[in-house]
Amino acid sequence: MPALLQRLRQRLTARDHGLLVLRRAGRTAIVMPGTFALCDQVIGNPEMALFAAFGSFAMLMLVGFGGPMRQRMQAQASLAVVSSLFVCLGTLASRAAWLACLAMAVLGFGVLLAGAVSSVLAGASTSLLLSFILPVSLPGTASDVPDRLAGWGLAAVVGLFAIRLLWPEPAADPLRGKAVGACRALAARLRSEDEASSPDHQQIVRNAHRALDELQRQFLTTPYRPTGLSASDRAVVRLVDELNWARRVIVHSLPIPDDSPNLAARRARIAAANVLGHGADLLAAPRTSPDALHTASAELRAALFALERDAADVLPPLSGRGPGNGTGASTVSTDETDQTDETNEPADRQVTEVIDALEPSFRAHELAFVVGAIGDNIDAAARAERRTWLQRLLGRQATGLPGTLSAAQERVSAHVDPHSVWLHNSVRGAVGLALAVLVANLTDVQHAFWVVVGALSVLRSNALSTGQNALRAVLGTLAGFAIGALLLLPIGSDTTPLWFLLPVTILVAGVAPAVISFAAGQAAFTLELVILFNILQPTGWRVGLVRIEDVAIGCGVSLVVGLLFWPRGAGAALNTALSQAYTASSRYLAAAVEFGMRRPGSRPASTAVEAKRQAVRAASAARRMDDAFRQYLTERGAKTTPLAEFAMLIGGVIGLRLAADTVLDLWERDGDQAFGEGSAARPTQLPHAQLRHTLLRRTWQVTDWYDDFARSLDGERPVPHSPDQDADADRALVRALREDLRDKHGIASATAVRVIWTGDHLSALRRNQPTLVQPVLATGLAHGERAPD
């Protein structure tokens, strides 16, 4: 016996990290029998007792909010208010079968889709649905509302005290903690980058990689991505992608010697390290003063401007410059220029010198932009945390952050798309629950509630998982019925032993799904209901037999709905989501470059509007891709495709979007902003026609490849060949810069730096192409094949 208990303890700690499930089950085992006994034995109201029992189950067992205790209590109180409203609506809608079915469809769809808006709503969706399923499945009138509401309200109020007083969970945010560690590790790596040959540096590099890997692992294992209405949570999650991309930028950067003319690049790197370090401190303690981060961010912005100014100073002159007046009016034809340069080795050498001279500053600029975004996100998270309780209660965001309503609209609009997995699941769940309500009313079963709960418990994102869970649910219900029958035979009509058994079965029903299996949880839940209903109205083992019939009907409804609505689940939808994300991101990149190819002040409003519109579309597509990937992770069954391969494909989308963000930011700043004092001597010239054509042609080559790659992910065509790096493209770009590298006074222009840096971003995206082809071939997505479901 001690050995068995030891094994159970080991299994519990291995599968229930932090004993969160055990805490919820233990609280429910105490509160649920207590409220049930108060309403049934003291007050003498069976209907109130029934709603108090299921209210305790819904408020304590089916939901577990995270974060500080104050936030948990606020979320729990909000859940209590909304679920109480659902109890009233469900009771009023239960008077007619058609009304109950329609109301279940509308409310079910709304609750499930709202999970895309908020992680709080996503985690509480089952509890909210249960608060409507119970009253809508039990026919009642307006006169029944007070009793039902009193029972549910009692459970909600007692549940608030239980969460605060009975074995409360520690206020921990694992994702935030990992992000803090990753910021500090990257800061240490940047500070030691000039000592690449030292053993300490190698250890620092390993520590940084380990911290970023742990952050990514924590993010992938979070059941619901915390990107809801909480501005703080949204900002923290954005750090995951940005920190991983910052690592990639650092990996491709080279140490800068002390005698290098690119000292501004070194200063920018140190400034980036300071932002990461102070950002980590503020992220760990968001209620402290943000002055240190603000100062570091200002220094980083100053270093960013200095990078552009000093980069122009280190540009070597090019010989063979065609006649012109410094405004781009060249009389040398493109063909003649190319023919001269192709046979002129000194000219090619000078082109190489130009590219090499700007490489350190480009890498520093790329890093500074990403780290600047990281600092802004950390500052936004801290400002959201510093809001007062009243501001949180009213949903007001901190100054400079998007409002609650706009944030919700942004996330919902991203999922109003026929390919959205979240939309698929919302429609499937709403139809399944509504059909279960209709079938329960038409068949006149004894307990319609169990039919709907049976459908809710097994409905998953694909037909295979739904079928597997339906079988487990029926088998678990049979086992629970058999155990209940054996217990009730010797007990008979005596309810006293059942009161002692009720807390034990509640505890087991809460722990079993996580520690043992889904079927074991169904068995324990069946036994719990057998005991509960026999206390209310002793009928012996027959109540278990009725539950088997009702659950089987509900499982059948779920299986039919799963077969009719997107039966392949998230595995197939993930391909389409990846394809759309690549397409939207590549169009955003093209729009950003097109915006840059026009003079500041003379750009038509349409170019700016188009760039911003494509940015919004790319963000929405990326959000759908993330949700499809998370749904794929949570589907039951073995994953035959390595998740690292999918993560690499998702990283390619992140790289495209960040490159587009950087290019757009680079060209949005005019010459005066970038170069500060003396900017009149460093004009931002309008690129001449040859240069615009050269850079846009290069952009189209990159975006066309990504568009073809996106179509291959959706099975429309084979994976495109990854082209070799085209050295001639860099030469052609610098040749086209003859009229922009220097003005008539011999002073380098801002245009030259920005054009070359834009070309560097395109080159980086080309270098990333081979790393994307192999994952597609490995995952079986190529040439019409799909990821295994």
Side-chain angles (χ1 to χ4, degrees), residues 24 27-63 65 72-96 99-100 103-104 107 111 124-166 437 447-450 452-453 456 495 498-499 502-503 506 510 525 528-529 531-538 543:
R24 291 202 297 266
R27 282 195 292 265
T28 309
I30 296 173
V31 172
M32 185 174 172
T35 56
F36 181 64
L38 175 64
C39 297
D40 183 56
Q41 300 296 313
V42 178
I43 301 177
N45 189 324
E47 186 152 19
M48 182 179 175
L50 181 64
F51 276 79
F54 280 100
S56 301
F57 188 81
M59 303 295 293
L60 296 175
M61 185 79 80
L62 299 181
V63 66
F65 297 111
R72 275 182 269 171
M73 296 297 288
Q74 291 173 0
Q76 196 75 26
S78 300
L79 174 62
V81 173
V82 177
S83 60
S84 297
L85 175 63
F86 284 2
V87 168
C88 299
L89 294 177
T91 301
L92 297 177
S94 67
R95 292 177 293 180
L99 181 59
M104 186 73 258
L107 186 137
V111 168
S125 59
T126 304
S127 180
L128 288 171
L129 289 174
L130 184 61
S131 68
F132 188 81
I133 289 172
L134 180 63
V136 84
S137 303
L138 302 175
T141 62
S143 61
D144 296 317
V145 170
D147 291 340
R148 296 182 175 188
L149 189 59
W152 194 275
L154 174 64
V157 172
V158 176
L160 282 172
F161 287 99
I163 290 171
R164 182 66 182 87
L165 302 174
L166 298 179
V437 170
H447 294 288
F449 165 70
W450 288 351
V452 187
V453 171
L456 176 66
T495 60
L498 299 180
W499 282 106
L502 182 60
I506 294 172
F525 185 58
E528 173 191 338
L529 293 183
I531 293 174
L532 188 71
F533 279 93
N534 268 281
I535 292 176
L536 280 175
Q537 187 178 3
V543 68

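In what follows, every heavy atom counts, from backbone to side chain, and hydrogens, waters and symmetry copies are set aside.
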Handout entry: Worked check of side chain to side chain contact (heavy atoms under 4.5 Å, CB included) between M32 and E528
Key = CA-CA 11 Å; M32 185 174 172; E528 173 191 338; 3.2 Å; yes
Approximate separation, where rounding is to 0.5 Å, of [X] [atom1] and [Y] [atom2]:
| X | Y | atom1 | atom2 | result |
| --- | --- | --- | --- | --- |
| I531 | T495 | CD1 | OG1 | 12.0 Å |
| L166 | R24 | CG | CZ | 14.5 Å |
| F525 | M61 | CZ | CE | 9.0 Å |
| L149 | C88 | CG | SG | 4.5 Å |
| R148 | S94 | CZ | OG | 5.5 Å |

Please report the shortest heavy-atom distance between [X] and [Y], naming the atom on each side.
| X | Y | value |
| --- | --- | --- |
| T28 | P33 | O-CD, 3.6 Å |
| V31 | A162 | CG2-CB, 3.7 Å |
| C39 | L154 | SG-CD2, 3.6 Å |
| A80 | S83 | O-OG, 3.2 Å |

Problem - Criterion side chain to side chain contact (heavy atoms under 4.5 Å, CB included) on D40 and M48, from CA distance to verdict - result: CA-CA 8 Å; D40 183 56; M48 182 179 175; over 6 Å; no
Is any side-chain heavy atom of [X] less than 4.5 Å from a side-chain heavy atom of [Y]?
| X | Y | result |
| --- | --- | --- |
| M104 | L99 | no |
| M59 | F54 | no |
| L502 | L498 | no |
| I30 | P503 | no |
| F51 | L138 | yes |

Exercise for the section: In sequence, state the C-alpha distance, the side-chain angles, and the governing distance for V111 and F86, and then conclude on side chain to side chain contact (heavy atoms under 4.5 Å, CB included). Expected result: CA-CA 11 Å; V111 168; F86 284 2; 3.8 Å; yes
Flag, side chain of [X] to backbone of [Y], donor-acceptor distance under 3.5 Å:
| X | Y | answer |
| --- | --- | --- |
| S127 | V63 | no |
| R164 | M73 | no |
| R95 | L92 | yes |
| D147 | D144 | no |
| S137 | L134 | no |

Problem - Intermediate values then yes/no, side chain to side chain contact (heavy atoms under 4.5 Å, CB included), S56 and T35 - result: CA-CA 8 Å; S56 301; T35 56; 3.1 Å; yes
Exercise for the section: Return yes if a side-chain donor-acceptor contact under 3.5 Å exists between S131 and W152, otherwise no. Expected result: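 W152 and S131 do not have a side-chain donor-acceptor pair below 3.5 Å.
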Practice task
Tell me whether the centres of the aromatic rings in F36 and F57 are closer together than 6.0 Å.
Solution key: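 For F36 and F57, the ring centres are not under 6.0 Å apart.
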